[in-house]
Every structure is written in C-alpha cells, then in structure tokens.
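Side chains are part of it too, since the values below use all heavy atoms of this structure and drop only hydrogens, waters and symmetry mates.
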Amino acid sequence: MKKYFAILILLFSVISVFANDNDFFNALQNCSSYSSNGETKTDGILAKFQSQISGWDNNKCIYKEHVNYSGIDAITTCKFSQRQLDELVDVMRAYSKVQSYSTDKLDTSSLDNIKGNPVVNVWNKYLMDSSVCNIELSQ
C-alpha cells in the first residue's frame, strides 16, 4: 500500500508541477541536467519532493525523485530509453497544449481527480515496470 501511495504522490508532483514546465520537457527530452523542489497536497496529505535528471548512463536517462509524506521517504529511480523519453514528453506536451485552451484548472486535491489523466497513465506505465523504475521506501 505504501508503494502504491508513493507512486501516486510522484504522479501528483509530475502533473501539478512539471506538466506545464518547458524547462522540464526540454531537460527530459534531451536528458540534460535538471533539478527541482516542490510540494503538493493530495487527500489532505502534504508531500514534499525533489526531482533530478542527472544525464545518460549506458544509453539510459537517469531520473530520480525523492518524495517525503507522512514520515515516509520514497526514492524513485528510473532509467529511460530515448524512445521512452519521447513518449513521456510527447504526452506531457500534448496535455499542456490542451490545458492551455481549457478554463478548468487541474485539481490534484484527491486521487479521484487524476484518474484517467493521460500524463498519469504514461508515467504510471513506466513506474509499474521494474525494468524501468525502482521505488525504495523507508520510514
């Protein structure tokens, strides 16, 4: 259950902070150095996160995210191929474009509000694949 919640918190950070961030898009697309800190509140739980793209290692782009919520630390490390990066960025850019024409603001205050979100779906595909992403939990 903790791992599942860690994945959801990471998805909230991606959606709430990075889904409209051209600097993040470009860094992810090119696997260039990037770091960011932030926080998001979902279902009454405040989560603080630090994200980092550290560059290429053996033809894989290294992305790390450290999330702290309710005294739990979750460290996610993903190793993306260029094809996987392209897919992530394409979906995030398309979502950002659609959102720019919408009067509705994205509501990440609860889990139900992000179900079916295309950015969540594409990130979740890789987060659930242990050959791409690894999640470590500690208290």
Side-chain angles (χ1 to χ4, degrees):
M1 182 65 167
K2 288 180 191 175
K3 183 174 181 179
Y4 175 74
F5 201 72
I7 289 172
L8 291 174
I9 295 295
L10 186 139
L11 293 173
F12 281 115
S13 69
V14 167
I15 281 186
S16 62
V17 176
F18 303 124
N20 295 305
D21 184 341
N22 281 326
D23 290 339
F24 179 68
F25 294 156
N26 293 333
L28 190 60
Q29 178 83 50
N30 300 313
C31 193
S32 53
S33 182
Y34 178 91
S35 65
S36 179
N37 298 318
E39 59 184 42
T40 186
K41 192 170 190 175
T42 304
D43 285 337
I45 297 172
L46 178 66
K48 296 181 179 185
F49 56 88
Q50 300 169 326
S51 300
Q52 177 183 7
I53 300 169
S54 56
W56 294 100
D57 183 21
N58 292 326
N59 293 322
K60 299 287 184 173
C61 181
I62 309 303
Y63 174 82
K64 291 187 179 187
E65 182 139 352
H66 176 210
V67 177
N68 179 277
Y69 62 96
S70 298
I72 298 170
D73 282 317
I75 298 173
T76 302
T77 303
C78 298
K79 298 178 180 180
F80 296 114
S81 68
Q82 184 64 58
R83 182 191 58 74
Q84 292 165 334
L85 292 178
D86 292 343
E87 181 182 21
L88 288 167
V89 171
D90 287 349
V91 169
M92 291 174 75
R93 283 191 196 275
Y95 179 78
S96 178
K97 185 82 161 173
V98 168
Q99 285 300 107
S100 72
Y101 290 99
S102 175
T103 57
D104 295 332
K105 197 76 171 151
L106 178 64
D107 181 5
T108 61
S109 64
S110 76
L111 300 176
D112 287 337
N113 294 341
I114 66 162
K115 286 183 182 172
N117 182 291
V119 176
V120 167
N121 292 342
V122 71
W123 275 88
N124 194 42
K125 176 173 98 173
Y126 294 119
L127 290 169
M128 298 304 287
D129 183 345
S130 61
S131 69
V132 178
C133 295
N134 179 47
I135 300 171
E136 298 175 32
L137 298 174
S138 63
Q139 284 186 311

Drop me the distance from [X]'s [atom1] to [Y]'s [atom2], to the nearest 0.5 angstrom.
X	Y	atom1	atom2	answer
Phe25	Leu28	CZ	CG	9.5 Å
Tyr63	Leu88	OH	CG	10.0 Å
Ser35	Lys64	OG	NZ	13.5 Å
Ser51	Asn37	OG	CG	8.0 Å
Ile135	Met128	CD1	CE	7.5 Å

**Prompt:** Going only through I, L, V, M, F, W and Y residues with side-chain contacts under 4.5 Å, is there a path from Ile75 to Tyr34?
**Reply:**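 No: no chain of side-chain contacts under 4.5 Å links Ile75 to Tyr34.
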
**Request:** May I ask whether Phe24 and Leu85 are part of the same hydrophobic cluster, defined by side-chain heavy atoms of I, L, V, M, F, W, Y residues being less than 4.5 angstrom apart, directly or through others?
**Result:**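 Cluster IDs for Phe24 and Leu85 match.
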
Using the side-chain hydrogen bond (donor to acceptor under 3.5 Å, both in side chains) criterion, which residues pair with [X]? Sequence neighbours excluded.
X	value
Gln84	Ser81
Asp86	Gln29, Gln82
Ser130	none
Asp90	none

**Prompt:** Hey, mind stepping through Thr76 and Asn134 against side chain to side chain contact (heavy atoms under 4.5 Å, CB included) and telling me if it holds?
**Reply:** CA-CA 6 Å; Thr76 302; Asn134 179 47; over 6 Å; no

**Prompt:** In chain order, what residues pass the salt bridge (charged side-chain N to carboxylate O under 4.0 Å, His left out) check against Glu87, with sequence neighbours excluded?
**Reply:** Lys125

**Message:** Could you work out, with side-chain contact (heavy atoms from CB on, under 4.5 Å) as the rule, every residue matching Ser54, not counting sequence neighbours?
**Reply:**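 Per chain and number, Ser54 pairs via side-chain contact (heavy atoms from CB on, under 4.5 Å) with Gln52, Ile62.
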
**Message:** Using side chain to side chain contact (heavy atoms under 4.5 Å, CB included), reason through Ile53 and Ser33 one step at a time and then give a plain yes or no.
**Reply:** CA-CA 5 Å; Ile53 300 169; Ser33 182; over 6 Å; no

**Message:** With a 4.5 Å cut-off on side-chain heavy atoms, are Val132 and Lys79 touching?
**Reply:** no

**Request:** Output every pair passing disulfide (SG to SG under 2.5 Å) with a member in residues 63-97, not counting sequence neighbours, ordered by first then second residue.
**Result:** Cys78-Cys133

**Prompt:** Looking only at atom types and distance, does a side-chain atom of Asn58 sit under 3.5 Å from a main-chain N or O of Lys60, one as donor and one as acceptor?
**Reply:** no

**Request:** Indicate whether any N or O donor in one side chain lies under 3.5 Å from an N or O acceptor in the other, for Asp129 and Ser131.
**Result:** yes

**Message:** My understanding is that only residues two or more places apart in sequence, or in another chain, count here; which of them pass ring-ring contact (aromatic ring centres under 6.0 Å, His included) with Tyr126?
**Reply:** Phe80

